[in-house]
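Quick note: residue numbers are just sequence positions, from 1.
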Amino acid sequence: RQLALLIVAALAVVVGAIALEAATGTTSHVTRALESGPGGLASDLRDRIELSYARATEHWQNVAIVLGGIVVLGALAVRLLRSSRPLTERALPLAFLAAIATSLVVNDSPVDVVVAGLACYLAVEAYALRPQRAV
């Protein structure tokens, strides 16, 4: 029940942001893709994936950084999934890992995403999994 409420709230925030953008007359690649309907959105998503792949494989250093980052993030995800900590404590780091994975696919700067994502993930994990003090 709480998950359904969270999903509805998240969708409301997204729709509100898009409506605000439309009301102010500003545009972005997201609003332009949405203007074309599902076909335009799918085409834009395909273009973003192709651009992300092209940037990730542009130089051997990019390949090494992106693949190395994916391996480290994958290992951290496996460690987190196997943890005996309650899911409520692991939810934020897991969501952050999902966001990094999504951004790697659709963002046009995968090297930046993997480096910044890994650094920020470590901070999120340290915060979310910090030892709890008795009050």
Side-chain angles (χ1 to χ4, degrees):
R1 179 179 161 122
Q2 288 178 337
L3 179 60
L5 289 174
L6 287 173
I7 290 171
V8 169
L11 286 173
V13 168
V14 169
V15 169
I18 292 170
L20 179 64
E21 199 169 273
T24 60
T26 59
T27 62
S28 69
H29 67 278
V30 174
T31 54
R32 286 190 298 276
L34 291 172
E35 289 172 353
S36 304
L41 187 60
S43 175
D44 193 53
L45 180 59
R46 185 187 68 245
D47 292 344
R48 304 295 292 176
I49 291 169
E50 289 174 2
L51 182 56
S52 180
Y53 178 79
R55 296 259 173 93
T57 58
E58 193 172 27
H59 304 289
W60 70 266
Q61 300 94 325
N62 293 8
V63 173
I65 292 169
V66 172
L67 287 180
I70 289 171
V71 168
V72 171
L73 287 165
L76 290 167
V78 168
R79 184 188 72 171
L80 189 60
L81 289 169
R82 291 184 177 171
S83 171
S84 61
R85 289 178 166 269
L87 183 57
T88 54
E89 293 179 12
R90 296 179 291 150
L92 180 61
L94 286 170
F96 201 83
L97 285 170
I100 294 169
T102 301
S103 188
L104 276 170
V105 173
V106 299
N107 200 307
D108 61 359
S109 51
V111 172
D112 296 340
V113 169
V114 80
V115 171
L118 180 56
C120 292
Y121 172 79
L122 293 173
V124 166
E125 183 185 78
Y127 171 78
L129 303 180
R130 71 193 181 286
Q132 301 294 321
R133 288 191 205 160
V135 178

Give, for atom [atom1] of [X] and atom [atom2] of [Y], the distance between the pair rounded to the nearest 0.5 Å.
X	Y	atom1	atom2	answer
Leu80	Leu92	CG	CG	10.0 Å
Ile70	Ile65	CD1	CD1	12.0 Å
Leu76	Leu94	CG	CG	11.0 Å
Asn62	Arg55	CG	CZ	10.0 Å
Leu67	Trp60	CG	CH2	12.5 Å

Ignoring hydrogens and angles, tell me if any N or O in the side chain of Arg85 forms a donor-acceptor pair with the backbone of Arg90 under 3.5 Å.
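It does not hold such a pair.
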
Keeping the roles fixed (side chain from Ser52, backbone from Arg48), state whether a donor-acceptor pair exists under 3.5 Å.
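Absent.
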
Hydrophobic cluster identity match, [X] and [Y], side-chain contacts under 4.5 Å:
X	Y	result
Val72	Val115	yes
Val66	Val63	no
Leu97	Leu81	yes
Val78	Leu104	no

Ignoring hydrogens and angles, write down the donor-acceptor pairs under 3.5 Å from the side chains of residues 8-16, residues two or more places apart or on other chains.
none

If you link ILVMFWY side chains whenever their heavy atoms are less than 4.5 Å apart, which other residues fall into the same cluster as Ile49? By chain and number, please.
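Direct or chained contacts put Ile49 with Leu45, Val105, Val106.
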
Nearest heavy-atom pair of Phe96 and Tyr121: which atoms, and what distance?
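Closest heavy-atom pair between Phe96 and Tyr121: CE2-N, 3.5 Å.
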
For the CZ atom on Arg130, are there more than 12 heavy atoms of other groups (residues, nucleotides or ligands in this structure) within a distance under 6.0 Å?
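For Arg130, atom CZ is crowded (more than 12 foreign heavy atoms under 6.0 Å).
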
